[in-house]
Amino acid sequence: MLHQFITLKNLLSSTRLKSTMEKGTKPPARFSKGLLQTEELYNYVLETSVYPREPEPLREIRDVTAAHPRAMMSTAPDAGQFMAMLLKLVDAKKTIEIGVFTGYSLLLTALAIPQDGKIIAIDMNREAYDIGLPVIKRAGVEHKINFIESEALPVLDQLLQDSRNDGSFDFAFVDADKVNYWNYHERLMKLLKVGGIAVYDNTLWIGSVAMPEDETPEILKAGRQATLELNKLLAGDPRVQLSHVPLGDGITICRRVY
Ligand SMILES: C[S@@+](CC[C@H](N)C(=O)[O-])C[C@H]1O[C@@H](n2cnc3c(N)ncnc32)[C@H](O)[C@@H]1O
Ligand SMILES: O=c1cc(-c2ccc(O)cc2)oc2c(O)c(O)ccc12
């Protein structure tokens with residue numbers, strides 16, 4: 001499906017962009033490649049500031065993921081670099097991740113937290129995780145990870161059954177089914193400590209949030225609607241300080257304030 005998204009996106013933008021340019025008008029921003037002005041600019045950021053500083057195990061996990069038909073689902077390396085910064089800034093020790101896939105974001109988290117740090121990593125499908133696991137093992141951080149193969153909501157509800165988990169997490173990363181992000185947020189607002197951080201991925205949903213509904217490719221519509229609703233709810237949530245950052249596919253940082 002992801003493959004379809006990307007192909008569709010590229011197809012759509014290149015054909016529409018071409019016809020717009022043939023008419024001699026400036027292409028509207030929604031047709032630009034990626035979230036930056038040009039693909040070249042994005043590559044400049046990656047080549048200058050991201051790849052040279054990317055830890056070797058993360059490069060390896062990108063390599064082993066590259067052959068996967070849904071490889072583009074991995075967290076973007078620039079967004080990952082920013083997450084590693086946040087993890088260090090809040091001195092995160094106890095974290096939770098929803099949506100593991102082959103483990104790029106999981107490994108960057110495991111590398112950023114201390115030796116005795118812990119990550120509860122939830123994914124309903126273990127198959128992709130097993131592709132990245134040898135890299136995680138070689139990096140010497142597997143002992144920090146508790147991988148749970150499950151739908152995420154029941155796991156969060158189970159954690160909330162134990163009052164010792166209330167306000168105990170430093171950091172959460174959500175990168176799974178868009179329709180449930182608000183359900184995850186409601187639970188994370190109890191599990192995170194005050195000052196803890198939740199990061200939501202894909203909050204610009206491949207640029208579709210700024211497309212008119214009737215110009216949005218069918219395949220993006222459900223995710224676009226869910227993301228539009230989530231973004232509105234998060235922006236109006238007084239429990240969090242928020243920053244909507246245009247890295248990768250858009251990430252929204254929420255810091256619990258009470
Ligand atoms: C975008 S990928 C995660 C990418 C990952 N963060 C990375 O950096 O490679 C989304 C993952 O969420 C998982 N997922 C989707 N819906 C889920 C749900 N309801 N509960 C748990 N996992 C889910 C999928 O199986 C998939 O592996
Ligand atoms: O179809 C996608 C695409 C992405 C994506 C796009 C651009 C980036 O810089 C990073 C990621 O992410 C997805 C995702 O997280 C998901 O759960 C499903 C589909 C896609």
Side-chain angles (χ1 to χ4, degrees), residues 1-10 12-13 32-36 39 42-43 45-46 50 54 57-58 60-66 68-84 95-111 119-133 135-136 145 147-158 172-184 187 199-209 217 219-224 226-227 230 245-252:
M1 187 154 92
L2 172 65
H3 219 52
Q4 283 172 306
F5 282 165
I6 300 305
T7 310
L8 186 71
K9 176 192 165 212
N10 291 345
L12 207 94
S13 56
S32 65
K33 275 271 199 177
L35 297 172
L36 289 173
E39 186 139 23
Y42 184 47
N43 284 335
V45 173
L46 292 177
V50 180
E54 188 180 41
L58 286 180
E60 274 181 48
I61 220 162
R62 273 200 297 115
D63 282 352
V64 299
T65 304
H68 195 287
R70 304 178 98 188
M72 281 297 292
M73 284 213 299
S74 286
T75 301
D78 53 328
Q81 187 183 52
F82 186 65
M83 272 173 56
T95 82
I96 189 159
E97 170 158 316
I98 302 174
V100 172
F101 188 48
T102 60
Y104 187 89
S105 52
L106 178 60
L107 179 54
L108 79 84
T109 304
L111 291 170
I119 309 166
I120 294 177
I122 311 164
D123 200 298
M124 59 198 269
N125 181 356
R126 194 192 160 95
E127 218 174 283
Y129 177 56
D130 284 331
I131 297 171
L133 191 53
V135 182
I136 291 172
I145 297 168
F147 180 89
I148 302 173
E149 185 177 25
S150 168
E151 289 273 347
L153 269 183
V155 176
L156 298 183
D157 285 336
Q158 205 182 338
F173 181 52
V174 179
D175 187 12
D177 49 335
K178 313 308 156 203
V179 288
N180 266 317
Y181 273 28
W182 185 254
N183 291 325
Y184 299 145
R187 285 149 180 87
V199 177
Y200 297 95
D201 200 13
N202 307 108
T203 54
L204 295 173
W205 197 229
I206 316 175
S208 70
V209 289
I219 202 162
L220 294 181
K221 277 189 178 164
R224 172 183 178 273
T227 307
L230 173 82
V245 184
L247 284 172
D249 191 29
I251 54 175
T252 300

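Positions are given from 1, in the same order as the sequence printed here. Note that ligands are numbered from 1 as they come in the structure, with each ligand's atoms numbered from 1 the same way.
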Stepwise side-chain contact (heavy atoms from CB on, under 4.5 Å) test for Phe101 and Thr65: CA-CA 9 Å; Phe101 188 48; Thr65 304; 3.8 Å; yes
Does ligand 2 have a heavy atom under 4.0 Å from the side chain of Phe101, from its backbone, from both, or from neither?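 Looking at Phe101 and ligand 2, no heavy atom falls under 4.0 Å.
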Given that the side chain starts at C-beta and the backbone is N, CA, C, O, which of these parts of Asp175 lies under 4.0 Å from ligand 2, counting heavy atoms, or is it both or neither?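 Answer for Asp175: side chain.
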Show me which atoms of ligand 2 lie under 4.0 Å from any heavy atom of [X].
X	result
Met72	4 (C), 5 (C), 11 (C)
Gly248	9 (O)
Ile206	1 (O), 2 (C), 3 (C)
Ala76	9 (O)
Trp205	13 (C), 18 (C), 19 (C), 20 (C)

Does a side-chain heavy-atom distance below 4.5 Å link [X] with [Y]?
X	Y	result
Val174	Val199	no
Leu204	Thr227	no
Thr102	Ser74	yes
Ile136	Leu106	yes
Arg62	Glu54	yes
Leu133	Ile131	no
Val100	Ile122	no
Lys178	Asn202	yes

With heavy atoms of [X] as the reference, note each atom of ligand 1 found under 4.0 Å away.
X	result
Val100	5 (C), 7 (C), 9 (O)
Thr75	6 (N), 7 (C), 8 (O), 9 (O)
Met73	1 (C), 2 (S), 4 (C)
Phe101	2 (S), 3 (C), 4 (C), 5 (C), 9 (O), 27 (O)
Ser105	5 (C), 6 (N), 7 (C), 8 (O)
Ser150	20 (N), 21 (C)

Can you check which of Thr75, Ile251, Asn202 brings a heavy atom nearest to atom 15 (O) of ligand 2?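 That would be Asn202.
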Residue selection (non-hydrogen contact nearest atom 23 (C) of ligand 1) among Lys178, Arg62, Met124: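 Looking at heavy atoms only, Met124 sits closest to atom 23 (C) of ligand 1.
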Indicate yes or no for a side-chain donor-acceptor contact from [X] to the backbone of [Y] under 3.5 Å, with no hydrogens or angles considered.
X	Y	answer
Asp201	Ile251	no
Glu149	Arg126	yes
Asn125	Glu127	yes

Identity and distance of the protein heavy atom lying nearest [atom]:
atom	answer
atom 19 (N) of ligand 1	Glu151 OE1, 3.0 Å
atom 10 (C) of ligand 1	Asp175 O, 3.1 Å
atom 11 (C) of ligand 1	Asp123 OD2, 3.4 Å
atom 20 (N) of ligand 1	Ala152 N, 3.0 Å

Should the proximity of Asn202 to ligand 1, defined as any heavy atom under 4.0 Å, be assigned to the side chain, the backbone, both, or neither?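 For Asn202, there is no contact with ligand 1 at all, from either part.
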Should the proximity of Tyr129 to ligand 1, defined as any heavy atom under 4.0 Å, be assigned to the side chain, the backbone, both, or neither?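 It is neither part, as no heavy atom is under 4.0 Å.
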So is Lys178 close enough to ligand 2, meaning a heavy atom under 4.0 angstrom away?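 It does; at least one heavy atom falls under 4.0 Å.
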Given Asp63, Leu107, Thr75, the one that forms side chain to side chain contact (heavy atoms under 4.5 Å, CB included) with Leu58: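 Running side chain to side chain contact (heavy atoms under 4.5 Å, CB included) over Asp63, Leu107, Thr75 with Leu58 returns exactly one hit, Leu107.
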What class does the angle between the rings of Tyr129 and Phe147 fall in, given that below 30° is parallel, 30 to 60° is tilted and above 60° is perpendicular?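 Rings of Tyr129 and Phe147: parallel, under 30°.
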May I ask you to check if ligand 2 and Asp201 share an N or O to N or O distance below 3.5 Å?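 In this structure, Asp201 places no N or O atom under 3.5 Å from an N or O of ligand 2.
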Return yes or no for this condition: an N or O of Tyr42 is under 3.5 Å from an N or O of ligand 2.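 N/O-N/O distance below 3.5 Å does not exist for this pair.
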N/O to N/O below 3.5 Å, does that happen between Gly99 and ligand 1?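 Yes.
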Does the side-chain hydrogen bond (donor to acceptor under 3.5 Å, both in side chains) test come out yes or no for Tyr200 and Asp175, once each step is laid out? CA-CA 6 Å; Tyr200 297 95; Asp175 187 12; over 6 Å; no
